[in-house]
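Presented below is the structure to which this report refers.
Reminder, nothing fancy here: chain letters follow the sequence lines and each chain counts from 1. If you're wondering where the values come from, they're calculated on a predicted model, not measured in any experiment.
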Amino acid sequence: MELNGFERLSELEWHLPATDAMRVPVIIYADEALMRDMNDKVREQAVNVAKLPGIVQASYAMPDAHWDYGFPIGGVAAFDPEEGGVISAGGVGFDISCGVRCLHTGLKTQDISRVKEQLADTLFQRIPAGVGSTGAICLDSREMDEMLAGGASWAVQNGFGETADLERIEEGGKMTGADPAQVSQQAKKRQRDEMGTLGSGNHYLEVQRVVEIYDQRIAMGYGLTQDDVVISIHCGSRGLGHQIGTEFLREMAIAAASLNILLPDRELACAPIGSPIARRYLGAMRAAINCALANRQILTHLVRQIFSQLIPQARLPLLYDVSHNTCKVEQHEINGRKRKLHVHRKGATRAFGPGHPDLPPALRATGQPVLIGGSMGTASYILAGTERGMQLAFGSACHGAGRAMSRHQATRLWHGRDIINQLARRDILIRSPSCRGVAEEAPGAYKDVSAVIEVADRAGLAHKVAKLVPLICIKG
DNA sequence: ATGTGC
């Protein structure tokens, strides 16, 4: 990326002052190497977002940012309804409420060594993964609406998991304001038999090992110790979220054209907060959040069933579940004034600091667990939200390593089979229905997750707590 | 991300 024009406010904070039609500056959190390696399109897209009506404070990009449809992935933008703020489907992305949840197991690495291969094979056999994967559950139209209104809470009521899980999920497992009536029949049809499935792309289910603790006090608060085995699930709202994103992007673009709204980029189609289309989108998007929460809850139940058969002494309570593709109404203090903002996070993890009222009592003293999945075969990290982070980007942090090249480029450089063999030599068991999918997700196709995490930690977006490395990865 | 797409 061209760095000309940026003011370097600190080592890790790059500031592009508001010029021309920009209403606010762009702020990117990154080190110089990450900045240089970012495509110019990230800058262009973040600048375009800064031009949208009612944007507050800045158009932010996290250290894992890369360009995407309209808004960059790793982008955070908040809008104030009292200043003509907007909602944009592109600011959330296609995989609505894609996120990560992490489960404890109560086990140490050696407890699973004897059954590791069997565990990998059983997880792969029983957890539906890949493009178009379907599960054992088929929802009729009434059940679909209940699921879309109830999220993980609906899943627990229907026998998937435990009530204790709910307080460890954003929104208590149930996003309020979801309106199943705003979800198209086509979106519901696509989702009918996709509950409890992983999907494809960067989604995965990993059995991981805690290899490093950076903050003993917070790690203790999270119930994490060295050499613990944990399970991370990364997936979203599958076909339903994708369909909603597609439909509303199209509809918002058409509406903008007919209303003569000048967009800096057609892909930034948006609508004023409070307008009928924005309200319908929010209702549908919140239903998709519930779909993703229910999906991860059902997957959790499947994992627990498998563990109870293979390692009966294992107990799998939920550490936390957090999304990184959402638009949420949140209260933030700007220049001493409390304002209700519509915060878009696209490939950015919510990272609320200590004392935040939305956190459950057990996590309020430490700050919210910020679950960050790395690329396949590298490392994942658990961070904690900080008070400082609440001021830096509305309580947000990065969401992963971030792609360094396109999927197409990756398939020209690597073969999936080679990647699987290389990782097997490091005792990382990959199971996937798609060799091509594995090639697209080759570790080399991503930025260095550790460099991204160092920036997030040192910039103060979130605070490093633990590092996890994969033992088994079920890849979509 | 996705009932993937040149």
If you look at every strand shown and take non-hydrogen atoms under 4.0 Å, does [X] touch a base, only sugar-phosphate, or nothing?
X	value
Gly199(A)	sugar-phosphate
Gly93(A)	nothing
Glu194(A)	sugar-phosphate
Ser200(A)	base
His203(A)	sugar-phosphate

Side-chain donor/acceptor of Asp64(A) to backbone N/O of His399(A), under 3.5 Å: yes
Taking atom [atom2] of [N] as reference, at what distance in whole Å does atom [atom1] of [X] sit?
X	N	atom1	atom2	result
Gln243(A)	dT2(B)	CD	C1'	10 Å
Arg407(A)	dC6(B)	CZ	C1'	18 Å
Arg250(A)	dT2(B)	CZ	C1'	14 Å
Arg436(A)	dC6(B)	CZ	C1'	11 Å
Glu440(A)	dT2(B)	CD	P	11 Å
His242(A)	dG5(B)	NE2	C1'	13 Å
Glu441(A)	dT2(B)	CD	C1'	14 Å
Glu247(A)	dT2(B)	CD	P	16 Å

I want to know whether His342(A) and Phe79(A) have ring centres closer than 6.0 Å. no
Minimum side-chain heavy-atom gap Met376(A)-Pro470(A) below 4.5 Å: no
Where does the angle between the aromatic ring planes of His324(A) and His234(A) fall among parallel (under 30°), tilted (30 to 60°) and perpendicular (over 60°)? perpendicular
